[in-house]
**Q** 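Structure below; questions to follow.
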Amino acid sequence: MIDFSKYAGEPDLEGMSREALQDYLRTVLERIEALDEQEPEDMGSEAYEDWGDRHEELEDLADEIRDLLDEMGGPNG
C-alpha cells in the first residue's frame, strides 16, 4: 500500500516558476501512475475509498498546476 503521508505538505504553487511547476506536474503525474498500479480490488472497502480520495486529490492538484501553467502561457509540459 502507498504511504500517503509522504504526500503531505504540497508546495506553494503560486510562488513557483514555470519550470518548477512543469517539474512538479511530472511528479504529480508519476504519483497518479504509481497510485493507479495499487488500486485496491474491493471497490466497497475502506482502502478503496482512501485510494479514491487520494487519487482525486492528485488529479485536482494536476489540474491546478495545468491551470497555472496555462495562465503563464505556452505549453504545459
Side-chain angles (χ1 to χ4, degrees):
M1 199 65 180
I2 290 180
D3 176 11
F4 293 120
S5 66
K6 70 181 178 179
Y7 300 129
E10 302 295 352
D12 173 25
L13 299 178
E14 300 281 331
M16 295 175 77
S17 69
R18 178 175 189 71
E19 182 177 295
L21 283 169
Q22 289 171 326
D23 288 342
Y24 193 48
L25 178 58
R26 281 188 287 276
T27 298
V28 170
L29 294 175
E30 288 170 5
R31 290 179 185 176
I32 292 170
E33 186 176 317
L35 195 59
D36 284 345
E37 293 174 6
Q38 297 188 15
E39 179 178 356
E41 291 184 26
D42 183 359
M43 294 176 69
S45 69
E46 185 175 331
Y48 190 87
E49 186 176 320
D50 292 343
W51 175 89
D53 289 345
R54 187 59 192 154
H55 199 281
E56 186 175 338
E57 289 172 10
L58 288 171
E59 289 177 342
D60 290 347
L61 178 59
D63 288 343
E64 185 177 349
I65 295 168
R66 286 183 185 110
D67 289 346
L68 287 169
L69 287 168
D70 286 345
E71 288 174 15
M72 292 178 173
N76 58 14

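Computed from heavy atoms alone, side chains included, the values below leave out hydrogens, waters and symmetry copies.
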**Q** Residues in side chain to side chain contact (heavy atoms under 4.5 Å, CB included) with Glu59, at least two apart?
**A** Ile32, His55
**Q** What's the separation between atom CG in Leu29 and atom CD1 in Ile65, rounded to the nearest 0.5 Å?
**A** 8.0 Å
**Q** For Leu13 and Leu21, work out which heavy atoms get closest and say how close.
**A** O-CD2, 3.9 Å
**Q** Might you point out which heavy atoms bring Leu35 and Trp51 nearest each other, and give the distance in Å?
**A** O-NE1, 2.7 Å
**Q** Under the rule for side chain to side chain contact (heavy atoms under 4.5 Å, CB included), what residues qualify as partners of Glu14, not counting sequence neighbours?
**A** Asp12, Leu68
**Q** Would a 4.5 Å heavy-atom cut-off, applied to side chains only, mark Asp23 and Glu19 as touching?
**A** yes
**Q** Counting C-beta onward and ignoring hydrogens, is there a side-chain heavy-atom pair between Tyr48 and Glu41 closer than 4.5 Å?
**A** no
**Q** Hey, does Leu58 have a side-chain heavy atom less than 4.5 Å from the side chain of Arg54?
**A** yes
**Q** Identify the heavy atoms of Asp42 and Ser45 that sit nearest to each other, and give their distance.
**A** O-OG, 2.8 Å
